[in-house]
Colleague: 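I have a structure here, written as structure tokens, and I will follow up with some questions on it.
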Amino acid sequence: MLEIQRIRQEKEAILLALAKRNIDANQTLDTILQTDQNWRMAKTQLDQVAAEMNQLARSIGELFKSGQQSEANALKEKTTVLKTQEADLKEQVSTLENKLQQLLYTLPNIPNEAVVQGRDAEDNQNVFEAGSIPQFSFTAQPHWDLAKKFKLIDFELGVKVTGAGFPFYRGKGARLQRALIQFFLDEAIAAGYEEFISPHMVNEASGYGTGQLPDKEGQMYYVQEDDFYLIPTAEVPLTNIYRDVILPDANFSIKMCGYTPCFRREAGSYGKDVRGLNRLHQFDKVEIVRIEHPDNSAKALDEMIDHVKNLLEKLELPYRILRLCGGDMGFASAMTYDFEVYSAAQEKWLEVSSVSRFDTFQSNRLKLRFKDDKKTTLCHTLNGSALALPRILASLLENHQTENGIQIPKALQAYTGFSVIN
RNA sequence: GGUGGGAUGGGUGAGUGGCUGAAACCAACAGUUUGCUAAACUGUCGUACGGGUAACUGUACCGCGAGUUCGAAUCUCGCUCCCACCGCCA
């Protein structure tokens, strides 16, 4: 959520920045500013009336105490008019406040200067590539065939027990999965992130805090009976640890990580790239989250990128990094780097990580601030996948397949306990 | 699920209608004292929004929402959450 003060002061700049998302926010911003102005006017009036009421009430109290009944009663009469005025103004103020809040909630974050305008994934900038794409002397198989052949994943069983997009991992597939989680967590911990095991369901306030609500309402699984949402990413519980928190000084750098399953309804995306592990309703992910001083968030983002790079290199996977264009960025993000791994058998790039800075967009919703001298200032938040499992698994299977089975990368072998799947 | 208790500032906790934005203590911060540390003493010490260049000032907030009243942390109603015990379950 953008700060209203900022919209007041830098409307033009915001407009320009939002244009990178292909959004013409001119009208929305005008409505916001108009509503804000009306709100302020009503608020000022309300404050004045309230001050008058307080004054009167005090006088009446004193009169009663000194036994001046009739004078007190006379003053009482005066309050009736003020009371209706106050009620009126209160109504106005809260209506305007709600309206403003709604407007602000639906406005996405403004992209960083480095982000280019663009419509969709086509316009993303390729900023880095590493690793070599394997050449096979045989016909490479896609992971869903390999998974079946080696009994690693059972999609049909998942359909039977739950539904599409909820696979079973079994045997070496399950162990590989667990090994990856452990590997990712160990790497994150070594990089200074504190591990958390978090709830897998969150309340509504948390959904709003990180921006999933109201924007992605229909994309989360919802437990009506208790009003809980199944988390779509560990970002939600981890970042919300710091909802309504004021850090005592400006000297902080909070690094958290956590493994959780992630639940996504993926409504509307049926039929597209959903084969095998490419898109699931439940998947596993290790997330890294940072809360930083505004001056430090650019550096933090770089560190996170290096961290993910390092993971992919240890897994010996060819990958590239894209800086997302305005149109392809998430609602809350100011700048996002996507990591894509090349899948040799599918012959396409698969997104395995998304690393973003949110600047003050989340912290403004979260009311996450720090004290700087006397002032309270909004923190910056960042997060990234490090990493999401299914497509990593898919590309491990596809890229590391040989005629004698699937080779496990060295760095993982200590975790799996086996070096080949055959 | 049943019964009972509770929700006040960073923490503990007082406060049953006006003098309470809120005692006291602890923590924190600044200073004085001190050979150092400690102790002692003094002061500061919530958040948000509005107005003002500023000093400052107004308003709101004692879980949330309504209500009673000239006036509510305090009274009434509804809700939420927490704790304890019992039951059930892992």
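Chain A is the first sequence line, chain B the second, and so forth, proteins listed ahead of strands; every chain is numbered from 1.
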Colleague: To the nearest Å, how far apart are A:Met53 CE and B:A72 P?
Modeller: 8 Å

Colleague: Report the base-pairing partner of B:G10 (Watson-Crick or G-U wobble, both distances below 3.5 angstrom), or none.
Modeller: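 When the pairing criteria are applied, B:C26 turns out to be the nucleotide that pairs with B:G10.
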
Colleague: Looking only at side-chain N and O atoms, does A:Lys43 come under 4.0 Å of OP1 or OP2 in B:G50?
Modeller: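 Answer is no, no contact under 4.0 Å.
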
Colleague: Using the C1' atom in both, what is the distance from B:G4 to B:A14, to the nearest Å?
Modeller: 24 Å

Colleague: Less than 4.0 angstrom between a side-chain N/O of A:Arg8 and OP1 or OP2 of B:C49, yes or no?
Modeller: no

Colleague: Taking the side chain as every heavy atom from C-beta outward, state whether A:Thr377 and A:Thr360 have any atom pair closer than 4.5 Å.
Modeller: no

Colleague: For nucleotides B:G46 and B:C29, find the distance between their P atoms and express it as a whole number of Å.
Modeller: 16 Å

Colleague: Which one is paired to B:A39, where only Watson-Crick or G-U wobble pairs with both distances under 3.5 angstrom count?
Modeller: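 B:A39 is unpaired by these criteria.
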
Colleague: Check every atom of B:U59, B:G71, B:G50 against the side chain of A:Lys83 and return the nucleotide holding the closest atom.
Modeller: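 Of B:U59, B:G71, B:G50, B:G71 is nearest to the side chain of A:Lys83.
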
Colleague: Once you apply the 3.5 Å cut-off to both distances, tell me the Watson-Crick or G-U wobble partner of B:U69, or none.
Modeller: none

Colleague: Both distances under 3.5 Å, Watson-Crick or G-U wobble: report the partner of B:U33, or none.
Modeller: none

Colleague: Nearest of B:G50, B:C70, B:A48 to any side-chain atom of A:Thr376?
Modeller: B:A48

Colleague: With the side chain of A:Arg369 defined as its heavy atoms from C-beta on, choose the nearest nucleotide among B:C49, B:A48, B:G51.
Modeller: B:A48

Colleague: Parallel, tilted or perpendicular: which one describes the rings of A:Phe331 and A:Phe361, with boundaries at 30° and 60°?
Modeller: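 Because their plane-to-plane angle is over 60°, the rings of A:Phe331 and A:Phe361 count as perpendicular.
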
Colleague: Paired with B:A48 by Watson-Crick or G-U wobble geometry, both distances under 3.5 Å: which nucleotide is it?
Modeller: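 Matched B:A48 with B:U59 under the 3.5 Å cut-off.
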
Colleague: Classify A:Asn54 by what it touches in the nucleic acid, base, sugar-phosphate, or nothing, heavy-atom distance under 4.0 Å.
Modeller: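 If one applies the 4.0 Å heavy-atom cut-off, A:Asn54 turns out to touch the sugar-phosphate alone, with no base involved.
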
Colleague: What does A:Leu46 touch in the nucleic acid at a heavy-atom separation under 4.0 angstrom: a base, only the sugar-phosphate, or nothing?
Modeller: nothing

Colleague: With a 3.5 Å limit on both atom pairs, tell me what B:G1 is paired to, counting Watson-Crick and G-U wobble, or say none.
Modeller: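 WC or wobble partner is B:C86.
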
Colleague: Would you measure the distance from the C1' atom in B:U16 across to the matching atom in B:U68 and give it in whole Å?
Modeller: 16 Å

Colleague: In Watson-Crick or G-U wobble terms, both distances under 3.5 Å, what is the partner of B:C64?
Modeller: B:G78

Colleague: Counting the atoms with a prime plus P, OP1 and OP2 as sugar-phosphate, which does A:Gln5 contact under 4.0 Å by heavy atoms, base, sugar-phosphate, or nothing?
Modeller: sugar-phosphate

Colleague: Which residue, A:Lys285, A:Arg264, A:Gln212, forms the side chain to side chain donor-acceptor pair (under 3.5 Å) with A:Thr233?
Modeller: A:Lys285

Colleague: Would you tell me whether A:Glu292 and A:Ser253 have side-chain atoms, one donor and one acceptor, within less than 3.5 Å of each other?
Modeller: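 Yes, a side-chain donor-acceptor pair sits under 3.5 Å.
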
Colleague: Measure from the side chain of A:Arg40, starting at C-beta and using heavy atoms only, and say which of B:U59, B:G18, B:G51 lies closest.
Modeller: B:G51

Colleague: Going by atom types alone, do A:Asn109 and A:Ser333 pair a side-chain donor with an acceptor below 3.5 Å?
Modeller: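 A:Ser333 and A:Asn109 do not have a side-chain donor-acceptor pair below 3.5 Å.
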
Colleague: Which nucleotide, if any, forms a Watson-Crick or G-U wobble pair with B:A54, using both distances under 3.5 Å?
Modeller: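 Its partner: none found.
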
